[in-house]
Amino acid sequence: MLDLGYVRDHLDVIRKMTENRGVSLDLDAFQSIDTERRRLITEAEQLKAHRNRVSEDIGRRKKAGEDISAISAEMKQTSQQIKQFDERIAELDERLREFLLTVPNLPHSSVPIGRDSSDNVEVRRWGQPPKFDLTPRPHWEVAEAAGILDLERAARIAGSRFALYCGLGARLERALANFFLDVHTREHGYTEFLPPFIVSTESLTAVGQLPKFAADMFHLEATDWWMTPTAEVELTNLYRGETLDADLLPLRVCAWTACFRSEAGAAGRDTRGIVRQHQFQKVEMYKFTLPDQSYAEHESLVRDAEDLLQRLGLHHRVVLLSTGDMGFASAKTYDIEVWLPSTNGFMEISSCSNCESFQARRAGIRFRPKTGGRADYVHTLNGSGLAVGRTWVALVENYQQPDGSILIPEVLRPYMGVERIPALGTK
RNA sequence: GGAGGAGUGGGUGAGUGGUUGAAACCGGCGGUCUUGAAAACCGUUAGGCCCGUGAGGGUCUCGGGGGUUCGAAUCCCUCCUCCUCCGCCA
């Protein structure tokens, strides 16, 4: 959420931003609501000031034993007037809040202006695509042949877009998650949390998932609960409503969770395999920083995610998203895309965003400057480090062998206990 | 699920329906003192919104919402959260 005063005073900036992002907002409606609201507040507050003065006076007169019935009756009317004002103001407040909740964040000046993903800018690449003598097979073929994935039984249990990992496939998923968490907590300076996988409406609103993206999530019927779409929700809400000590910043946290997405509107996209699922595991990295640190921390956040891919030896690239492709709450986003041999292209495996104060304002997360002075909003950053299921996919495809086995990268062997996952019926 | 108790400023914790936005203490910041530091002492130390170029003024907030009242941290209703005991349970 942007600051109300900022929006009011920079309507031209907001208008330009909506053009760049390719969204539309009714700014005229905003202006008329805002103007009327302020007019009513001024009037109501004048009445309240009057009431406060008279009430104090009544107190004094009553003590002195004077008769106060006339003045008291008059004040009763005033109070009723105030109540009417307050009701109208509350209505306008609600409408203004609803409007502000639909205004996306302002993109940073370094973000390329563009319509969609075709205007994204590749920042760097790492490694090379692996060479194959035979045409590489897609992950679902390799995995089912190795007996580590069973999509039919997954469908029997829950339906389509769910995975059932089997044997070493399940262990590989678990190994990846552990590997990610170990590197982040022991080497990258993150503190690990294991949060609830179910979150409240309030938490989702603070992050910006609600009210806009209700259709993308699973809502638990007749409750205020939702299945979490990303641990970004839980990690943002760790400090909701708190004023943090500036000495604690930057605060780096991470969490492994399952993530749940309805994928409504994704019908027909990525239907083969397990790239797009209703449930997947992800290790999320998250930072709370001082405003002047956030862009440096953003760069290191991306490096922390890339580091994992490099240790796994997976070819990837980093892409800077254009204004038209960026998420609602983000001021700047890098996507990391990993090489997928079967598609002869890249697949998104991490998204690292600097939300600046956008989420912090909504979630009420401040810091008190060391020098004293006013509490200000922290900047928040989030990034996948990494999507576990998609890393699993990338590993299976990039490390598939001619004999149908899957080689395990060196760094994962301590977690796996084996050097390769054999094809079914072999050793 | 049942019974009881509690939610006050960065923290601990007072608070009678009427200068209590809130004592006191701790912590933070600034200062005095000191070669420096500690101690001591003095000052200062919530946020939102509205008006105002500014200085400043006003208003709201004592878990959330509603009510009673001329006036609510204080009385009433309701919801939420936490704690204790019982029940159930991985």
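Residue numbers start from 1 in every chain, and the chains themselves are labelled A, B, ... in the order their sequence lines are given, proteins ahead of strands. Here the structure is a predicted model, which means the values were calculated and not measured.
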note: A:His50, atom NE2; B:G57, atom P; distance rounded to Å ~ 21 Å
Check: Hey, do the aromatic rings of A:Tyr165 and A:Trp392 have their centres closer than 6.0 Å?
Finding: yes
So, for A:Phe367 and A:Tyr377, is the gap between ring centers shorter than 6.0 Å?
-> no
B:C29 -> Watson-Crick or G-U wobble partner, both distances under 3.5 Å, gives B:G43
With a 4.0 Å limit, can you tell me whether A:Lys76 has a side-chain N or O closer than that to the phosphate oxygens OP1/OP2 of B:C70? yes
Does A:Asn52 make a side-chain N or O approach to OP1 or OP2 of B:G71 shorter than 4.0 Å? no
Taken to the nearest 0.5 Å, the spacing of A:Gln400 CD from A:Ile406 CD1 works out to 8.0 Å
Report task. Report yes if a donor N or O on one partner sits less than 3.5 Å from an acceptor N or O on the other, where the partners are the side chain of A:Glu45 and the base of B:G58; otherwise report no. Result -> yes
Checklist entry - Between A:Ser79 and B:G71, is there a side-chain N or O to OP1/OP2 distance below 4.0 Å? => result yes
Margin query: I'd like to know if A:Lys62 reaches the base of B:G18 with its side chain, counting only an N/O donor and acceptor under 3.5 Å.
Written below: yes
Taken to the nearest whole Å, CG/A:Asp224 to P/B:G64 is 18 Å
Under 4.0 Å between a side-chain N/O of A:Arg60 and OP1 or OP2 of B:G18, yes or no? no
field: Pair A:Phe288 + A:His379: ring centers closer than 6.0 Å
entry: no
By the Watson-Crick or G-U definition, both distances under 3.5 Å, B:U59 is matched with B:G48
With the side chain defined as heavy atoms from C-beta on, A:Met75 is closest, among B:C70, B:G58, B:G47, to B:C70
